[in-house]
S.K.: 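Once you've had a glance at the structure underneath, I'll fire off some questions.
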Amino acid sequence: MIASRLAPFGTTIFTEMSALAQRTDAVNLGQGFPDTDGPREIIDAVTAAMGAGANQYAPLPGVPELRTAIAEHQHRHYDLDVDPDDGVQVTFGATEAIAAAMLGLLEPGDEVVVLEPFYDSYAATIAMAGARRRLVTLHAPDFAVDVDAIAAAAPGARMLLLNSPHNPTGRVLTRAELESIARTCVQHDLIVVTDEVYEHLVFDGEHIPLATLPGMSDRTLTISSAGKTFSFTGWKIGWCSGPVELVSAVRSAKQFLSFAGGTPFQHAIAGALRDVERHTAPLRESLRAGRDRLCDGLREAGFQLSVPAGGYFVNADASALGASDAREFCRELAERAGVVAIPTSAFYDDAEAAGGLVRFTFCKRPEVIDEGVRRLIAMSR
Ligand code: PMP
Ligand code: GLN
């Protein structure tokens, strides 16, 4: 009964692998969600907002305090000017912002340039809009962005959908890469949707929003989310900001997807966002330590990898451990080692391009990472 637009996408790999982790009682280094709560004071702000009566629908664009905090954040961190009323839209996580952008901005038959590997909802929501993806493939081990391939894919396309810091590779695109991409977008008059949910989780290098580059602010919709920034992935408070024309297209779609809710969470995130550095500095340090711990352990277990510069994930090549099909390898890994990971091929149309890569997350407590690593090392001996 599933509509043909959606039938190819099946059940998400995250759902499959987290269910497998539960069933096998494995250490879950698959789906990217922290196993510790975000700051207590932000939780208290939610209950305070509930106590103060913020319990009904939010205004469609989002509560004014949060929209103002988002606009101030874009100005303070990136010198970007967005209108807090018409240039900001609060959404049910970044996921809804992505879906509403595709549904609100694309005509059936439009083409969208996307880097592969891509976060899984990109392909599905492009398809839901009746549009098509034009893929530019990144290859291990360094996942360098082939800017010439992007330039070659751009003519005639309607949109570029970009993600930096990038899931699953952990790449943080460099200024030179972004400048070249920006020139391509201007030359071919593409609109751009950039997914920057890991903007505050950069360990090496610098996050540069594409919207800050010459010619880009008028054509770029920037998406982010409180889930990653404050470790509250279950609250699903996301947003997008940018020029009024792009944001109003998102709003047109969003009003019929979910209308507007999460009201007390929106109030709490407004306060948190005003103080984002105080909250994210310790998170970044603990993620950096988790990254180093996991990378060292995976190498000891026989995986080859390159160290990610940002985000939640490292991709390790399991070929030396006998993985020819990463999906099969991950299904077996739960049973053989008691560890769950995500086959990186799930983020590629061209599964071959992913080879034996397996994605592990390091957004877990040190003792959980250590136990996962201990099991992987034991398996590999
Ligand atoms: N984009 C990327 C690149 C992601 O990794 C994720 C999931 N963590 C999302 C979007 C979805 O974010 P949210 O949970 O806010 O919907
Ligand atoms: N973004 C997280 C990941 O990549 C999980 C998202 C999800 O479960 N849909 O693992």
Side-chain angles (χ1 to χ4, degrees), residues 61-62 66-106 112-115 118-119 121-122 125 158-167 171-175 177-179 181-182 184-186 190-202 206-230 236-254 266 269-270 273 276 280 310-311:
L66 178 54
R67 284 184 282 112
T68 301
I70 292 165
E72 286 172 2
H73 171 276
Q74 294 305 89
H75 186 76
R76 202 169 60 244
H77 288 266
Y78 309 124
D79 210 14
L80 283 168
D81 286 319
V82 294
D83 181 325
D85 295 324
D86 298 326
V88 177
Q89 175 64 49
V90 179
T91 54
F92 190 74
T95 304
E96 189 188 50
I98 295 161
M102 299 308 123
L103 293 168
L105 288 164
L106 296 172
V112 183
V113 178
V114 192
L115 300 183
F118 49 80
Y119 181 58
S121 83
Y122 296 0
T125 54
R158 170 79 175 128
M159 179 192 284
L160 170 73
L161 172 52
L162 197 73
N163 170 216
S164 179
H166 184 259
N167 178 9
R171 283 268 352 256
V172 178
L173 269 59
T174 63
R175 184 173 288 279
E177 286 170 333
L178 292 165
E179 281 175 350
I181 290 169
T184 293
C185 294
V186 171
L190 302 194
I191 55 174
V192 180
V193 175
T194 66
D195 175 347
E196 305 185 359
V197 299
Y198 300 101
E199 61 182 316
H200 290 289
L201 307 183
V202 172
E206 181 196 3
H207 172 63
I208 302 166
L210 194 57
T212 60
L213 297 183
M216 296 310 288
S217 67
D218 288 348
R219 63 177 72 245
T220 303
L221 183 81
T222 304
I223 293 176
S224 194
S225 166
K228 304 296 145 71
T229 299
F230 301 110
K236 279 285 184 179
I237 300 299
W239 54 84
C240 59
S241 62
V244 173
E245 302 75 40
L246 297 184
V247 171
S248 52
V250 172
R251 192 169 290 168
S252 307
K254 191 263 189 287
Q266 291 197 31
I269 296 301
L273 208 52
V276 71
T280 52

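Since we're looking at a predicted model, the values are computed, not measured.
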S.K.: The test is side-chain contact (heavy atoms from CB on, under 4.5 Å); show your working for Val276 and Arg76 and say whether it passes.
M.R.: CA-CA 11 Å; Val276 71; Arg76 202 169 60 244; 4.1 Å; yes

S.K.: List the atom pairs, donor and acceptor, that lie under 3.5 Å between side-chain atoms in residues 242-249 and the rest of the protein, sequence neighbours left out.
M.R.:
| unit_1 | atom_1 | unit_2 | atom_2 | d |
| --- | --- | --- | --- | --- |
| Ser248 | OG | Val244 | O | 2.8 |
| Ser248 | OG | Glu245 | O | 3.2 |

S.K.: Can you see whether Tyr198 engages Asn163 through a side-chain donor-acceptor pair at a distance of less than 3.5 angstrom?
M.R.: no

S.K.: Within the structure provided, determine whether Leu190 and Arg158 are in side-chain contact (heavy-atom separation under 4.5 Å).
M.R.: no

S.K.: I need the Asp85 CG to Arg67 CZ distance, nearest 0.5 Å.
M.R.: 5.0 Å

S.K.: With rounding to the nearest 0.5 angstrom, report the CG to OG1 distance, Leu80 to Thr222.
M.R.: 6.5 Å

S.K.: Any side-chain heavy-atom pair from Val192 and Leu210 closer than 4.5 angstrom?
M.R.: yes

S.K.: Kindly indicate whether the side chain of Pro61, heavy atoms from C-beta on, has any atom under 4.5 Å from the side chain of Arg251.
M.R.: yes

S.K.: Donor-acceptor check, side chain of Thr174 to backbone of Glu177, threshold 3.5 angstrom: yes or no?
M.R.: yes

S.K.: Return yes if some donor-acceptor pair links the side-chain N/O of Ser225 with the main-chain N/O of Gly227 below 3.5 Å, else return no.
M.R.: yes

S.K.: Which heavy atom of Ala97 sits nearest to which heavy atom of Thr91, and what is that distance?
M.R.: CB-OG1, 3.6 Å

S.K.: Compare all side-chain heavy atoms of Ile269 with those of Thr229 and state whether any distance is below 4.5 angstrom.
M.R.: no

S.K.: So, His207 versus His200, ring centres under 6.0 angstrom or not?
M.R.: no

S.K.: If I take atom CZ from residue Arg171 and atom OG from residue Ser164, how far apart are they, to the nearest 0.5 angstrom?
M.R.: 7.5 Å

S.K.: Verify the distance criterion only: is there a donor paired with an acceptor across the side chains of Glu199 and Ser224 at less than 3.5 Å?
M.R.: yes

S.K.: Quick one: does Val90's side chain get under 4.5 Å of Ile70's, heavy atoms only?
M.R.: yes

S.K.: Side chains of Thr95 and Lys236: donor-acceptor distance under 3.5 Å anywhere?
M.R.: yes

S.K.: Closest heavy-atom contact between Cys185 and Met216?
M.R.: CB-CE, 3.9 Å

S.K.: Does the side chain of Asp81 come within less than 4.5 Å of Gln74's, by heavy atoms?
M.R.: no

S.K.: Would Leu106 and Met159 satisfy side-chain contact (heavy atoms from CB on, under 4.5 Å), going step by step from the backbone distance to the final call?
M.R.: CA-CA 8 Å; Leu106 296 172; Met159 179 192 284; 3.8 Å; yes

S.K.: Between CG of Leu162 and CG of Leu173, what distance do you get to the nearest 0.5 Å?
M.R.: 6.0 Å

S.K.: Start with the C-alpha gap between Ile181 and Leu160, add the side-chain angles, then the distance that decides, and say whether side-chain contact (heavy atoms from CB on, under 4.5 Å) holds.
M.R.: CA-CA 9 Å; Ile181 290 169; Leu160 170 73; 3.4 Å; yes

S.K.: At what distance, to the nearest 0.5 angstrom, does SG of Cys240 lie from CD1 of Ile223?
M.R.: 6.0 Å

S.K.: With a 4.0 Å cut-off on N to O distance, would you call Glu196 and Lys228 a salt bridge?
M.R.: no

S.K.: Any chance you could lay out the side-chain contact (heavy atoms from CB on, under 4.5 Å) test for Val172 and Glu206, step after step, and finish with the verdict?
M.R.: CA-CA 7 Å; Val172 178; Glu206 181 196 3; over 6 Å; no

S.K.: Hey, does Leu161 have a side-chain heavy atom less than 4.5 Å from the side chain of Phe118?
M.R.: no

S.K.: Under a 3.5 Å distance rule, please check whether Thr212 uses its side chain to pair with a backbone N or O of Ile208 as donor and acceptor.
M.R.: no

S.K.: First locate atom CG of Leu103, then atom OG1 of Thr125, and finally report the distance between them rounded to the nearest 0.5 Å.
M.R.: 7.0 Å

S.K.: Counting C-beta onward and ignoring hydrogens, is there a side-chain heavy-atom pair between Asp195 and Ile98 closer than 4.5 Å?
M.R.: yes

S.K.: Evaluate the ring planes of Tyr122 and Tyr119, with Trp represented by its six-membered ring, and classify them as parallel (under 30°), tilted (30 to 60°) or perpendicular (over 60°).
M.R.: perpendicular

